Amino acid sequence: MTKESRRREAEGRKQEYVELHARSAFSFLQGAATPEELIAVCAELKMPSMALLDRDGVYGAARFHLAGKKLGVKAHIGAEIAVRSPKSKVQSPTGDRQTLDVGRWTLSSPKKVFSVPVLVRNRAGYRNLCRLITLMKLRVPKHAKPGECAVTPDELAEHAAGLICLTGGSDGPLRFNHHGDPEKAQRTTEWLIDVFGKGNVYAELQRHFNREEEARNHAVIEIARRLKSPLLATNGVSYATRGQRQVADVFTCIRNHVRLETAGRLLASNSERFVKSPPEMAELFADLPEAIANTIELSSRLEFSLKDLGYEFPKYPVPPGETMTSFLRRRTYEGARGRYLGGHGSPTFARAQKQIEHELALIEKLKLEGYFLIVWDIIEFCKRNGILVQGRGSAANSAVCYSLGITAVDPVGMELLFERFLSEERGEWPDIDLDLPSGDQRERAIQYVYQRYGKLGAAMTANVITYRGRSAAREVGKVLGFDEETLGRLSSLVHTWEWKDPKDTTARQFKEAGLDLRDRRIRKFFQLYQAVQDLPRHLGQHSGGMVICQGQLDSVVPLEPAAMPGRVVVQWDKEDCADLGIIKVDLLGLGMMAVLEESLQIIRDDYREEVDLAHLPPDDPQVYRALQQADTIGMFQIESRAQMSCLPRLRPQKFYDIVVQVAIIRPGPIVGNMVNPYLSRRLGRAPITYAHPDLEAVLKRTLGVPLFQEQLLKMAMICAGFSGGEAEELRRAMGFKRSEQRMRDIEVKLRHGMTAKGITGQTQDEIVQSIASFALYGFPESHAASFALIAYASAYLKCHYLAAFTAATLNNQPMGFYQPFTIIKDAQRHGLKVKPVDVTRSNWECTLEAEGAGDGVWGVDSNELHPKPYTRHPLALRLGLRCVRGLREEAGRAIVSARTERPFTSLDDLHQRVTELRKDELRKLAAVGALNFIQTDVRQTSVCRDCDKEAEKKINDKLKFVGQNANRRDALWQVERVARNPGPLYESLAEDNGSPLVPMTLNERLNADLHGTGMTIGRHPMAHQRAWLNTLKVARAADLKNLRNGVWVRVAGWVIVRQRPGTAKGFVFLSLEDETGIANVIVTPQLFEVNRLALVDSPFLLIEGVLQHQDNVISVKAKRVEPLQIKLESVGSHDFH
Amino acid sequence: MFACIYGRAFPERGRDAATLLIDLAFTFSPLVEQTGTDTVVLDVDGQELLFGAPVSSGVPETDWALNIANEITRRATLSDVKVNVSIAANPDVAIHAARSFKGITLIPVGEGLRKLGGLPLKMLDYSLAGISQKAEEIRETLRLWGVRTFGDFADLPVAGVAQRLGQEGVRLQKLAQGKSERHLHLFQPPVGFEQALELEHPVAELESLSFIFARLLNQLCTNLNSQALATNELCLYLKLEDKTKYKRAITLPVPMCDPKIFLRLLLIDIESKPPQAAIIAVMIRAEPVKPRELQTGLFIPLAPEPEKLELTLARLAKLVGAENVGSPELLNTHRPDAFRMTKFRLNYRSGKNARPALSAGRMPELPAMGFRVFRPPWPAEVQSMQQRPARINARGASSSYVIRGQVVCASGPWRTSGDWWRADLWARDEWDVAVRSSNSEQSDVLCRVYRDLQSEEWFVEGVYD
């Protein structure tokens, strides 16, 4: 080609340009635009493709790829890789400067790091890039300092195949200014050519109207001409639009921990790093048209896109002679026989078989056998190791999952929609979520997956933490240089209460906080605060999502160390993984699963009974009675205040009612105004109607009111003619937090479809509202059914094995809706006898004991007992040492271990034998009465190491006698003596019998209990005030049910829950506990404003108002609020704000 | 016998209770302890002669003690301080009593516990027993024991307390029993580094004032010398006849203590900005600091004496204005030509921070071309062609020199912008241009022009040499 023809061709292409060096906000504080924003600008400028090169990762690549796919922009992938510079001196440990030879090149000191921009040419290149990043990330701890996290030149060379290298900008390998050494730059370029190959290194030129940069460009051009390397124009993009430079500057400040005022030259010198249009770039490089033309040429060389990810789900190893299909079939039918031939009113095996065949055919067609077998394998591991496990989510729609033991809900019996779980049309992987007991058991399952698929074969999905709420406000405020007080006010503007007044404009909020939006800095703050919203801040770990890969996962996506030792995470979040077709299994920790598991063990050990959760009596009257009376404290999913106020109206009578109950109290149905219509229809007060006659088949089961996600999908399919795939897109949009735009797009489509089908006006609005409100949160039916099973199991255990259930609940704190105090009091009211913490009897966990006379506490008077206490088994609960706040587990277990050898005879004995116990722990034990049974006078009893059984019995009798007559102050007096080295002077000094201290009063004991354990097994604090409260004519919580609707009433109690849900229009809900139960109080927004301080801060309240007693739901609508002056250590309430 | 005065501060009245209490105590006894900002204790032994009849006259002890207490209360009331006064044989008993009981409390010898026994334990001042580190732990132990009052604590067996709380516990128990033994930590009044003078007649002339300044500065320097101190800041406060106040502060580069230098500095300073009315009162305050180390390095080049240098600088400032004297300091910003003037200082310390000399074999790294900056920049008229400067016409405000002609070569734009969060945000495009002068007498120039993107105006920033 002649020079002239090349020139003409370049002229022709003048207006064509591709940006091949752009950073997004996924460079974490080094970029200011989301990948979607970059693509959107690109599409607007009619740029055919773009390359995303984030720092040391491909964090934004998935979103970049998807956005590109949507807008027709080809998304090239790459990254800026931190590399230690070759051929520089390194400081030896002895302080001498020396050069280390590494192969042909020399290795630098870790501080000399530059970033090499690389672009992925083909799949091999992508694999190399992922491995290179994984290599770099996994060898240093999380949050490594800059410079620590870099690859060596040799590692770069090993992974260079399939990659294109650019020489970079001001921080690239040729970063030098006029102080620099052009010869060194040339040597570096030669090295890069050596590593990546001739033709794969492009001399990068960037023009940001900067003198130094232009000087460097001149040198780079000269080097490129000398080495015959092609020139490449880029704009080193850091943000999408010019205006985002401000965000980039703010991020620079956050990264360097400085303020804008003091950042000085750390900030950018101008705003030129935005996505420039092809004509702009062509004009900038008018003197070098080949640099522009080369962008098109290079773009055409980059064949790779993320749709060729090369991900493969691992194959399950099957025995010889079997295929995965046959093996899955065999396992499924083995399970199905057990499940469907077992009775309990299940449908016939034949009916199930038909469904299973249908499912297996589809599974085979979609080649998903491996996936089901791998999940089955995890389930089997859990079963073998006694770990309770249950599938949730849409997997419960599958009869195969049910047969394999993955889920516990019978989809055939419940007529669940299998297509919601798996459909051919959708072309994406199914999603199986497993609930495991939280804590160690779940960790065991996770470690099993790691062990089985190798460290580089399985990883957790990431969770991208974005700038939101208070932290964003504080960081932006700090950068703008606001003082602490203003920062506090600014961050308080970000509402902590879930509910937001619709009349609350930003200007009003700022004004109320004493901040003037007309002030330039405040206005700037507001503008920047909004601009940083939702931009990524750092990468976290998703709670349970695991991705598994056939072969090396690190060649599919880079891996990073997680904060938790022994864990690795991928660089994409779960939605990115799903979008790119990477299959994941969610191993989620559920506190209630741990409770169920532990309850079963306790029942086995102490009740000598075996309970099988899969075969619980389905219609236990005691369970349904408890549910109908909202007597559900401690039960899974149905214990919250909102659930409790719904239960007496819904009056569950069969299992499906519990499914509805679990699903109905969700923001989706509540905002969509579906709760009241459903309840009215259920109570027969409203006729069962359908928004459209076609919807009857779908909504019949829920009385014409949509309550589940599946129903919404079917509604969209019927009313708007959505296909299965479109309906699935709708579902994804519902759960898609990232974009409201996506939801709006779908709404337009939905309305269009409905209009086409002749559904218009109010009907259309109603249906759209139903669907849109589910975007907030709604349960799929199968998920609700899985949860309902756990809810039923928890209710069954509570009603029949109260002691075991309560012990397990206490042993798995924190969990659930209520504090241990409330759980204990509720159990006591139901007839459970609770015994105090005692070092001579308690284990670390709460345990069960035979009900001995006199040494336990009922904690309630007979008139406070529940009318039908659960007292089938004569077992009492012994509080464990874990209940003592501040006692370390190590010390607690040491006590138990020493006691197992032989009983303690005195405090001195305890102190000498349990060396792990610290003085403060002894004190804590003494203060809660756990040392009452060991008193000084027992020391006089001659006990030796080899005491026989009779002597031991004597000691125990003695201890028991002393214990009944002892007080905690004696123990406290002795503790101080034994915990302190007496010294020679006092060593032989005899102590007078007993202590000179005055025994604790009742109130002091109560205080010590609350302070030391957060609970009391003695009488409720309100019971102590009852005589006084009676004079004030305060009704007890249990008495409210005997009062008429509309009467004026006074209630008082300990505030155990405060709630201001986003769906309740500013109303505040309080739960006041007294010795007889819980009274519910409703506070209007107006009353809340007037009594805000008392309502938020006071632990005890007296409320006066009107009793609302409708459909067995009892609450007090507050008209007057008064704090009660009861001096107690508060255990705190469970506040939701 | 010891008297304790406990008084509350009245911040709203602008008076410092601590000072008032100390002053009050010194009017009764030279042996005063300042226990806290609100508590003083004084030894009143031997005051019977002043406040009661001699011992031989048989006046009971309580009578004269009551007299003292009454007198203290009376004088405190005159000083606008409300106080509790207690008198006891033990200073700690007196302290606890004054802090706990309103008005006057007299505690006869041996009756400390009887009087204080009912006080809540939170009133016990652990610091009096020298306990600070373990205080929280002991407090918590006593709380757990249910020990609520001084009496409860006092009643515990000593051996038991010693075994459990150690010597700290025993000391604390004695304190609660009113049996602690200690001497007062006597209060030493601080030496003042302020000198003031109310003038009988208003002074309007500098010469008269110099005598007054000299007198005050001499005394001030004597005081500083007596404490082996010097000063690095002198503050002059003048009250003027027109009821206004005049204040000047002179910051010195190194600590000094020479009244003559101070006098000249003050006079130069006051001359440069004289007060607007005659003076009726003068006050000079010196900030006391450690004196300068005189020993310098053997190889450090000699520098002018700081005192003389300071005088020279003061004279220069008087001539050209304080804002035009000093060392320029470049600011850390992209804003072009941003600098500020800082006070000129010589580095009197060793050469650690001194700028390293250029090594012989190494060439300076900055571009060799010099640039002459126009301050302020010259406004210019620039004609552009294809967004590049083509012709230029500029003249400095006070210069006959003109830059006018055709731009033959232009390099740029070099674009900078910044301070976008402030009201004075800036943005500009710079060009380096070669101008062929239209006047044949003037040579061609290479200069830097810029366009302020906010105002859209052109300027010449300077010329390249």
Side-chain angles (χ1 to χ4, degrees), chain A residues 177-179 208-214 245-246 249-250 260-272 283 479-481 520-521 524-525 528 919-920 923-924 926-927 968-969 972-983 985-986 989 991-992 995-1001 1004 1008, chain B residues 136-138 140-149 152-167 169 330-336 338 363-368 386-387 411-432 448 453:
Chain A
N177 46 28
H178 51 257
H179 301 295
H208 300 115
F209 305 115
N210 179 294
R211 280 192 182 85
E212 281 198 0
E213 189 181 57
E214 198 51 33
R245 176 255 179 116
Q246 299 187 357
D249 277 353
V250 167
L260 279 167
E261 282 294 347
T262 55
R265 291 187 187 86
L266 287 172
L267 302 180
S269 62
N270 60 30
S271 321
E272 295 300 316
E283 196 187 326
V479 165
L480 280 169
R520 185 184 171 82
R521 266 200 328 160
K524 203 52 137 179
F525 163 82
L528 289 170
K919 183 178 175 182
D920 62 308
R923 256 192 216 152
K924 280 169 181 142
R968 301 178 190 194
R969 287 263 161 73
L972 281 165
W973 179 248
Q974 295 308 331
V975 158
E976 294 300 327
R977 182 184 56 76
V978 299
R980 192 184 173 92
N981 183 7
L985 188 62
Y986 295 109
L989 192 71
E991 273 275 312
D992 293 338
S995 82
L997 305 177
V998 182
M1000 281 190 186
T1001 61
E1004 279 178 331
Chain B
E136 263 319 299
E137 192 187 339
I138 296 177
E140 175 63 11
T141 308
L142 293 175
R143 190 189 67 78
L144 286 170
W145 283 355
V147 175
R148 292 198 184 85
T149 62
D152 292 348
F153 192 17
D155 289 347
L156 292 181
V158 183
V161 171
Q163 262 184 310
R164 287 159 178 84
L165 303 179
Q167 282 311 302
L330 282 177
L331 297 178
N332 178 17
T333 169
H334 289 295
R335 189 187 281 264
M363 291 295 288
E365 285 169 341
L366 291 167
Q386 291 178 336
Q387 297 177 334
S411 162
W414 311 119
R415 187 165 291 164
T416 48
S417 61
D419 296 341
W420 47 263
W421 61 93
R422 297 198 329 211
D424 61 339
L425 74 170
W426 56 273
R428 68 187 209 166
D429 276 357
E430 283 175 13
W431 294 83
D432 293 320
R448 183 185 294 171
L453 299 177

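Here is the naming used below: chain letters follow the sequence lines, and residue numbers restart at 1 for every chain. Source: prediction; values computed, not measured.
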- Most heavy-atom pairs under 4.5 angstrom with chain A, which of D419(B), L331(B), L165(B)? L165(B)

- Rounded distance [0.5 Å steps], CD in E283(A) versus CD in Q386(B): 9.5 Å

- Task: Counting only heavy atoms closer than 4.5 Å, note whether E430(B) contacts chain A via side chain, backbone, both or neither.
- Result: side chain

- Message: Does any backbone or side-chain atom of R335(B) lie under 4.5 Å from a heavy atom of chain A? Answer side chain, backbone, both or neither.
- Response: neither

- SB check E140(B) R923(A) (cutoff 4.0 Å): no

- Separation between CG of L144(B) and CD of E1004(A), rounded to the nearest 0.5 Å: 10.0 Å

- Item | Donor-acceptor under 3.5 Å (R164(B) side chain, W973(A) main chain) | yes

- Do the side chains of T141(B) and L972(A) get nearer than 4.5 Å, heavy atoms only? no

- Task: Side chain from CB out, backbone as N, CA, C, O: work out which of these in A268(A) comes under 4.5 Å of a heavy atom of chain B, or both, or neither.
- Result: backbone

- Do you know which two heavy atoms are closest between L260(A) and W421(B), and how far apart they sit? O-CZ2, 3.4 Å

- Message: I want to check something: taking the side chain as every heavy atom from C-beta on, are E214(A) and S411(B) in contact at a cut-off of under 4.5 Å?
- Response: no

- Note on the structure: Taking every heavy atom of G418(B) against every heavy atom of R245(A), the minimum-distance pair comes out as CA-NH2, 4.1 Å

- Per-residue tally against chain A (heavy atom, under 4.5 Å) across G412(B), G166(B), A338(B), A427(B) peaks at G166(B)

- For L425(B) and R520(A), work out which heavy atoms get closest and say how close. CD2-NH2, 4.3 Å

- For A263(A) and N332(B), work out which heavy atoms get closest and say how close. O-ND2, 3.9 Å

- Side chain, backbone, both or neither: which part of K924(A) has an atom under 4.5 Å from a heavy atom of chain B? neither

- When rounded to the nearest 0.5 angstrom, what is the spacing between CD in Q163(B) and CD in Q974(A)? 9.0 Å

- Message: What I'd like to find out is whether the side chain of L997(A) reaches to under 4.5 Å of the side chain of V147(B), using heavy atoms alone.
- Response: yes

- Message: Under a 4.5 Å cutoff for heavy-atom pairs, which residue among M1000(A), H208(A), R265(A), E976(A) has the most contacts with chain B?
- Response: R265(A)

- Message: Does any backbone or side-chain atom of R148(B) lie under 4.5 Å from a heavy atom of chain A? Answer side chain, backbone, both or neither.
- Response: side chain

- Given E272(A), Q246(A), K524(A), the one with more heavy-atom pairs under 4.5 angstrom with chain B than any other is Q246(A)

- Note on the structure: Under 4.5 Å to a heavy atom of chain B? For R969(A) that would be side chain

